[in-house]
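Worksheet for the structure shown next.
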Amino acid sequence: MGDSARVLVVGGGVIGSGLAWALAERGVDGVVVVDLDLAGVYASSELNAGGARATWWQPVNVESCRLTLEFFQAHAEELGFRRRGYLWLYADADLFARALEKRGLQNAAGLGVEALSRDDVAARFPILDQNLDEIVGATFSPRDGLVNPNAVRAWYRARAEALGVEFRNRHYVAGVSTARVVGGAATLRRVVALEVVEVARGDPFDESGLVGGILTRHRVPREAVVGESRIACETVVNCLGAWSPIFSAKIGVRDVTEPVRRQISLVDVRESDLPPGVDLAQLGMIVDASGLYFHPEGAHVLAGYSIPEEPPGFDFGYDGDAFFETHVWPRLAHRASAFDRCRHVRGWAGLYDVTPDRSGIAGRVAGFTNFFEARSFTGRGVMQSFAVARAMAALVATGRFEDVDLTPLARDRFDDPARWVTEDLHI
Ligand SMILES: Cc1cc2nc3c(=O)[nH]c(=O)nc-3n(C[C@H](O)[C@H](O)[C@H](O)COP(=O)(O)OP(=O)(O)OC[C@H]3O[C@@H](n4cnc5c(N)ncnc54)[C@H](O)[C@@H]3O)c2cc1C
């Protein structure tokens, strides 16, 4: 495509790659994806927990995740999808009552969510053998499960490339040119071109810290620049995940989201410490009433916890033993004696881009004729990716949503709290 693109997708994470594939599948040509680091060393798509559930509290999230899970199930082997369910424990009676009420919406969508008593939990999940008297009830959603997020992103990208999409690696979007659209009643702008800096190739794990430095400080050091170009475009889609607000600022659009660090630990449990009959590998996602979640991850257990007072910022530091010992281990051991003597293996940190209502943003950006966004899916980007990709491809190609209607996720909902798509049950 030389230095022009029909559709320029900024960001090649699971959302940008999925959108590129969906556009190409519709027959849209001239799709170019630019990303600083397609390996995704700091991309949320590579650093997440691999949970996949459709059991949300808002119809648009239920439907888009349900469709994405169907897609995962259809390609279960390639995408590492295991339909093992989500068990969600409640210690708060009001929250549990609301969860039971939301089963109506979820089960109307065919999700088959069960309500469990604490005795049911004890009988069906013998790993949870501590302090169950605190639990007022639980839900179990058998159609939810676990997926390999890296495989999902790779699937979208491989198919997009096979259909002619160009992915430009080590390309950092540093600037945006816009122009006023002449004519019409309202003042509209359009994106004319992106200014892109080509960055020197580096080691695949970014041991030099070049990519991490750029993604934390938002500028490319002069010595790392190997080329500069201007890509003219007919349409631009912001798929920058946690970096979306940086792009919004470049284009003069007020943003309402912020990047927030989320940490994950890998833990080892001795087989001899497991209660009789427990096969860890067969478990799905367990979300404890304390907010801690865990599931089997290869030979380990993956456990995550979102610190409520975590300040916003581009922070990728994993707090190591301090995080594990303060936040993870006490919660695991409080609910399951198997974790009394567990071993902290390692961990990592990635970013959520958090919206005020904890739902993602998708649609055309108000005030622009050719600027779209699909971003800020907080902790839901992988499990929503297929439906978002399909819906956004339809919007970009035809000007309207088709089979999946993402209208509720338009960013201008934040102007009116009555239109917020609030999700209270997030991890
Ligand atoms: C710890 C953690 C656990 C999570 N758990 C789950 C889960 O269980 N299930 C789930 O569905 N979701 C989960 N999520 C959320 C999910 O990972 C994200 O919603 C999703 O990956 C977002 O994908 P994305 O493509 O929008 O962004 P990303 O994957 O972050 O991609 C953005 C890309 O933009 C690139 N970039 C940034 N700035 C520029 C620039 N100026 N120029 C060019 N390129 C640039 C980056 O290199 C990156 O590749 C979790 C997230 C975290 C951090």
Side-chain angles (χ1 to χ4, degrees), residues 8-20 33-54 61 64-65 68-69 72 86 144-147 149-150 152-153 156-157 167-176 194-199 206 211-212 214-216 218-220 237-247 249-250 259-265 285 287 293 295 297 302-306 314 316 318 347-355 360-362 373-386 388-389 426-427:
L8 198 46
V9 177
V10 191
V14 72
I15 298 291
S17 299
L19 172 60
V33 181
V34 285
D35 198 302
L36 172 66
D37 174 39
L38 282 173
V41 175
Y42 299 89
S44 306
S45 300
E46 300 291 312
L47 297 170
N48 69 78
R53 66 173 162 126
N61 293 328
S64 52
C65 291
T68 303
L69 265 65
F72 290 169
Y86 263 58
D144 294 339
L146 306 170
V147 73
N150 320 110
V152 176
R153 189 171 81 129
Y156 293 141
R157 180 168 160 202
F167 283 75
R168 295 190 188 177
N169 195 16
R170 309 298 279 195
H171 280 62
Y172 183 74
V173 174
V176 188
L194 299 190
E195 279 97 47
V196 177
V197 175
E198 196 175 338
V199 176
D206 193 39
V211 170
I214 296 170
L215 290 177
T216 308
H218 319 303
R219 57 172 199 84
V220 182
V237 192
N238 174 359
C239 295
L240 285 169
W243 292 272
S244 296
I246 307 292
F247 192 82
K250 285 188 203 310
V260 181
R261 177 178 69 153
R262 295 288 182 244
Q263 300 182 72
I264 282 177
S265 301
M285 180 75 90
V287 186
Y293 59 89
H295 66 72
E297 178 77 2
L302 179 156
Y305 178 72
S306 303
F314 290 91
F316 293 96
Y318 175 57
W348 63 86
L351 300 175
Y352 275 23
D353 193 33
V354 178
T355 59
I361 297 177
E373 56 190 351
R375 34 75 60 111
S376 310
F377 292 98
T378 64
R380 200 179 302 116
V382 180
M383 60 182 95
Q384 211 161 13
S385 59
F386 171 80
V388 165
H426 47 80
I427 50 180

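Numbering of ligands and ligand atoms starts at 1, following listing order.
The aromatic rings of Trp243 and Phe316 sit parallel, their planes meeting at an angle under 30°, below the 60° perpendicular limit.
Shown here are the ring pair (Phe, Tyr, Trp, His ring centres under 6.0 Å) partners of Tyr305, two or more places apart in sequence or in another chain: His327.
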For this session: Could you give me the CA-CA distance, side-chain angles and deciding distance for Glu198 and Arg168, then say whether salt bridge (Lys or Arg N to Asp or Glu O under 4.0 Å) is met?
Result: CA-CA 9 Å; Glu198 196 175 338; Arg168 295 190 188 177; over 6 Å; no
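Here the closest non-hydrogen pair linking Asn238 and Ser244 is OD1-OG, 3.3 Å. The shortest heavy-atom contact between Phe72 and Val382 is CZ-O, 3.4 Å.
With a 4.5 Å cut-off on side-chain heavy atoms, Asp353 and Arg375 count as touching.
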Just the distances, no angles: every ligand 1 N or O to protein N or O pair closer than 3.5 Å, one line each.
from     : atom 1 : to     : atom 2 : distance (Å)
ligand 1 : 5 (N)  : Ala49  : N      : 3.1
ligand 1 : 8 (O)  : Gly50  : N      : 3.4
ligand 1 : 8 (O)  : Gly51  : N      : 2.8
ligand 1 : 9 (N)  : Gly51  : O      : 2.9
ligand 1 : 11 (O) : Val382 : N      : 3.0
ligand 1 : 11 (O) : Met383 : N      : 2.9
ligand 1 : 12 (N) : Gly379 : O      : 3.2
ligand 1 : 17 (O) : Ser44  : O      : 3.1
ligand 1 : 17 (O) : Asn48  : ND2    : 3.3
ligand 1 : 19 (O) : Thr378 : O      : 3.2
ligand 1 : 19 (O) : Gly381 : N      : 3.0
ligand 1 : 21 (O) : Ser45  : N      : 3.0
ligand 1 : 21 (O) : Ser45  : OG     : 3.0
ligand 1 : 23 (O) : Ser45  : OG     : 3.2
ligand 1 : 25 (O) : Val14  : N      : 3.2
ligand 1 : 25 (O) : Ile15  : N      : 3.1
ligand 1 : 29 (O) : Ser44  : N      : 3.4
ligand 1 : 29 (O) : Ser45  : N      : 2.9
ligand 1 : 29 (O) : Ser45  : OG     : 2.5
ligand 1 : 30 (O) : Ser44  : N      : 3.0
ligand 1 : 41 (N) : Val173 : O      : 3.2
ligand 1 : 42 (N) : Val173 : N      : 2.9
ligand 1 : 44 (N) : Leu36  : N      : 3.1
ligand 1 : 47 (O) : Asp35  : OD1    : 2.7
ligand 1 : 49 (O) : Asp35  : OD1    : 3.2
ligand 1 : 49 (O) : Asp35  : OD2    : 2.7

